[in-house]
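Side chains are part of it too, since the values below use all heavy atoms of this structure and drop only hydrogens, waters and symmetry mates. Protein chains get the first letters and strands the later ones, always in sequence-line order, with residue 1 at the start of each. Only a predicted model underlies this, so the values are computations on that prediction, with no experimental measurement involved.
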Protein chains: 2
Amino acid sequence: MATISDVAKLAGLSVSTVSRVINDSPHVSEKKRNSVKSAMERLGYVPLPAARQLRGSKTNTMAVTIPRIVNPFFSYLVDAIEQKLDEAGYSTLIVQTFSKAEEELTALNLLKNQQVDGVILCSLENTWSIISDYCKYGKIILVNEYLKDVHVPIVRADQYDGFYKATNFLFDEGYSKIAYATGRKSITIMEKEANFDADRFAGFQDSLSEHKLGLNHDWLFTNAHTAEDGKNIFKMIMALDNKPDVIIAGSDEVAMGITQEAEEQKVKVPKQLGVLGVDDQPVSANLRIPLTTIRQPVNEMGQKAAETMLHLMSGESVPKVQICKLKIIKRASA
Amino acid sequence: MATISDVAKLAGLSVSTVSRVINDSPHVSEKKRNSVKSAMERLGYVPLPAARQLRGSKTNTMAVTIPRIVNPFFSYLVDAIEQKLDEAGYSTLIVQTFSKAEEELTALNLLKNQQVDGVILCSLENTWSIISDYCKYGKIILVNEYLKDVHVPIVRADQYDGFYKATNFLFDEGYSKIAYATGRKSITIMEKEANFDADRFAGFQDSLSEHKLGLNHDWLFTNAHTAEDGKNIFKMIMALDNKPDVIIAGSDEVAMGITQEAEEQKVKVPKQLGVLGVDDQPVSANLRIPLTTIRQPVNEMGQKAAETMLHLMSGESVPKVQICKLKIIKRASA
DNA sequence: CTGAAAGCGCTTACAG
DNA sequence: CTGAAAGCGCTTACAG
């Protein structure tokens with residue numbers, strides 16, 4: 001592999017000059033610049049990233065954290081981010097956290113160790129006090145998930161509004177016994193805008209209250225991620241004496257699991273049990289029972305996230321928080 | 001950020017000794033090893049990867065190339081690979097090529113520039129003569145796609161056998177006018193085992209021949225990747241005077257597009273047109289028209305690929321080629 | 001078992 | 001505009 005000295009030797013110049021043309025420094029005569037360039041070409045020279053990093057220069061790569069790449073919501077989000085970053089000449093490093101705090105730290109350490117210029121967190125596994133320590137090493141932004149009172153830019157959807165309206169929509173459709181599922185380990189009730197999950201739940205609950213309804217704890221399901229989880233939720237619902245007539249599934253994946261198991265057990269969706277998904281995955285419209293769902297603006301969020309990070313890189317100011325709208329897509333399941 | 005010298009100073013030892021405990025060298029007394037370790041802990045010290053790479057040491061990361069992460073076949077394949085690699089302490093770098101030769105070179109250059117220890121190619125965009133140049137920089141293996149006469153390990157499925165049997169299956173089901181779609185830009189006919197696409201097509205064609213049937217060029221469709229492409233294919237089929245009665249769609253994505261457009265145009269699947277997918281994506285069973293499809297052994301291939309790469313890393317010998325079986329899953333669409 | 005020193009391939013003041 | 005030299009944080013012979 002050719003090094004910078006090889007290029008210098010071939011061009012009959014110093015490594016300093018070669019380094020200057022690599023870095024587009026203006027202080028090089030056109031003539032020498034050309035001879036360096038042709039020498040680089042002739043040798044097929046590419047600067048060794050490790051050596052540049054060691055000197056603390058930019059890496060032109062960004063890390064993006066997601067729980068799991070097989071989840072279409074996240075693969076599309078990452079895709080939107082990567083496409084935008086690509087255009088600007090940045091590489092993207094996808095880090096799957098598998099919902100483990102420790103893996104999220106791996107991504108953050110990439111920043112500390114100067115392997116990336118910034119990290120885009122699409123999910124949140126650690127407490128903010130831990131994450132905020134890493135802000136001194138580079139740029140961090142939050143996408144999709146969020147917290148109140150953090151000092152990094154946020155790109156997110158209006159979860160409260162979306163869930164509030166979706167719950168109202170279910171009432172309008174004639175449902176009144178509404179179950180609720182979430183991926184979280186537990187449901188915490190907090191003030192508005194506190195975080196992603198609390199907002200979803202607050203929107204749900206506020207609509208309930210307006211309809212003079214309280215919470216039925218039997219109708220709350222946590223830890224729901226996969227279609228398999230959805231099937232189990234359906235079974236738990238069937239075991240209940242007092243059954244809900246509709247469920248907000250938390251994701252399309254879970255919604256699919258619920259409708260599948262319902263079909264298996266000959267329970268009619270949406271007649272006997274309505275199912276409301278969240279995400280609007282590409283396939284959701286083409287399922288045996290097309291999902292009524294809350295569409296997340298994946299592309300918009302991904303693009304805005306990438307743009308925000310790019311602005312940060314070029315030292316421009318960015319909005320503290322950018323909020324995209326959720327939208328109810330009415331199909332067959334509710 | 002703490003450096004190796006900081007640790008050495010705090011421990012009252014030389015950097016050499018610290019480096020030795022970082023690299024698990026046996027030539028360090030237990031006592032000093034402990035004091036180094038506690039110094040590292042106290043400072044929260046992590047070796048800077050760039051510095052280690054510069055000295056040519058292992059990176060413990062692997063690159064995996066795929067055309068596009070939003071394609072579930074590839075996201076599941078990557079996932080299987082990453083999980084296995086994780087267990088062995090390796091990180092995974094996902095490189096989307098967007099089917100561009102140039103982006104594939106990016107991944108290969110990672111190897112040349114010592115940013116990864118190996119690359120797992122799940123698709124093939126460059127000619128082999130270009131790729132083989134990179135073998136001197138580290139380990140390369142081929143997964144999913146393949147070529148004949150390459151000198152790197154291959155993990156693949158038996159495309160010929162799968163497509164041969166699938167075509168026979170279609171005949172058994174009573175179809176006889178079989179159309180064929182592929183993601184390739186063109187269909188090339190080559191000897192058996194030449195490559196992925198040629199094998200698929202050869203399997204298809206051999207079955208045709210055995211049924212005394214020739215090729216109808218109006219029934220061959222290229223460049224089919226997305227559901228959108230599937231819709232267009234359906235439209236092209238409808239414009240034909242002599243229509244096929246079934247189509248091998250090349251992927252479940254394309255199959256979904258075809259069935260969707262068929263529904264829209266009130267054409268009955270599988271009555272008026274049968275549709276055979278390829279992949280067996282998780283959702284394929286739960287579509288409005290559940291797909292009959294050729295299942296690809298994604299997990300098996302991913303795991304074998306990762307294992308093969310790990311064996312290569314530890315200098316063990318590996319089989320030149322490992323072949324997994326394709327399987328026909330009969331559902332509603334054909 | 002331990003340490004001083006050279007060197008990996010770059011960039012960046014510092015002189016000129 | 002150009003070059004000699006120091007130094008980024010490590011590892012690895014080389015001595016001892």
Side-chain angles (χ1 to χ4, degrees), chain A residues 1-40 43-61 109-117 137-138, chain B residues 1-40 43-61 109-117 137-138:
Chain A
M1 260 192 33
T3 71
I4 195 172
S5 325
D6 298 331
V7 176
K9 212 167 293 169
L10 183 60
L13 293 164
S14 72
V15 295
S16 315
T17 303
V18 177
S19 176
R20 286 193 188 95
V21 352
I22 293 170
N23 293 288
D24 281 321
S25 157
H27 306 298
V28 184
S29 70
E30 204 48 38
K31 195 175 153 193
K32 308 214 167 178
R33 181 185 303 278
N34 286 333
S35 64
V36 166
K37 285 201 168 166
S38 74
M40 294 201 303
L43 295 169
Y45 169 75
V46 183
L48 192 71
R52 309 188 78 184
Q53 281 174 233
L54 191 54
R55 297 308 319 261
S57 55
K58 278 188 61 180
T59 62
N60 280 308
T61 109
N109 275 318
L110 252 24
L111 198 60
K112 181 172 174 185
N113 291 334
Q114 304 161 32
Q115 303 190 81
V116 298
D117 297 335
Y137 302 118
Chain B
M1 262 193 32
T3 70
I4 194 172
S5 324
D6 297 331
V7 176
K9 212 167 294 168
L10 183 61
L13 293 163
S14 71
V15 295
S16 315
T17 303
V18 177
S19 175
R20 286 193 188 94
V21 351
I22 292 170
N23 294 289
D24 282 320
S25 157
H27 306 298
V28 184
S29 71
E30 204 51 39
K31 197 177 153 194
K32 309 215 167 182
R33 182 186 302 279
N34 286 333
S35 62
V36 167
K37 283 201 170 166
S38 74
M40 295 202 300
L43 295 169
Y45 169 76
V46 183
L48 193 70
R52 308 188 77 183
Q53 281 175 232
L54 191 54
R55 297 307 320 262
S57 54
K58 276 188 64 179
T59 63
N60 280 308
T61 108
N109 275 318
L110 253 24
L111 198 61
K112 181 172 172 183
N113 291 334
Q114 303 161 32
Q115 303 191 80
V116 299
D117 297 337
Y137 301 118

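Heavy atoms only, all atoms of each residue included: B/Gln53 and A/Ala50 are closest at CB-CB, 3.6 Å. The shortest heavy-atom contact between B/Ala11 and B/Ser35 is CB-O, 4.0 Å. Taking each heavy atom of A/Val21 and A/Met40 in turn, the nearest pair found is CG2-CE, 4.1 Å. Minimum interatomic distance between A/Asn113 and B/Leu48 (heavy atoms only, all atoms of both residues): O-CD1, 3.4 Å. The two atoms that bring A/Tyr45 and A/Thr3 nearest to each other are CE1-C, 3.5 Å, heavy atoms only.
Using a 4.0 Å cutoff on non-hydrogen atoms, the parts of residues 10-18 of chain B near DNA chain C are B/Leu13, B/Ser14, B/Ser16, B/Thr17, ordered by number.
The shortest distance between side-chain heavy atoms of A/Pro47 and A/Ile4 does not fall below 4.5 Å.
Between A/Thr17 and A/Ser14, the side chains place a donor N or O and an acceptor N or O closer than 3.5 Å (distance only, hydrogens not considered). Judged by distance alone, the side chains of B/Asn60 and B/Arg52 never bring a donor and an acceptor atom under 3.5 Å apart.
Mapping heavy-atom proximity under 4.0 Å, the span of DNA chain D touched by chain B runs 5' to 3' from D/dG9 to D/dA13.
Here the straight-line distance linking atom CZ of B/Arg33 with atom CG of B/Asp24 works out to 6.5 Å at 0.5 Å rounding.
Across all strands, B/Ser19 comes closer than 4.0 Å to base atoms (heavy-atom distances). Contacts of A/Leu48 with the nucleic acid, taken as non-hydrogen atoms under 4.0 Å apart, involve only primed sugar atoms and P, OP1 or OP2.
In this structure, A/Leu54 and B/His27 both approach DNA chain C, and ranking their closest nucleotides by distance from the 5' end singles out B/His27. Heavy-atom nearest nucleotides on DNA chain D were determined for B/Tyr45 and for B/Arg20, and the one closer to the 5' end corresponds to B/Tyr45.
The side chain to side chain contact (heavy atoms under 4.5 Å, CB included) test with B/Thr59 is passed by exactly one of B/Asp117, B/Leu110, B/Leu111: B/Asp117.
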> Taking only Watson-Crick and G-U wobble pairs with both distances under 3.5 Å, what dot-bracket line describes DNA chain C, where [ ] shows pairs that cross earlier ones and | shows pairs with another strand?
Replying inline: |||.||||||||.|||
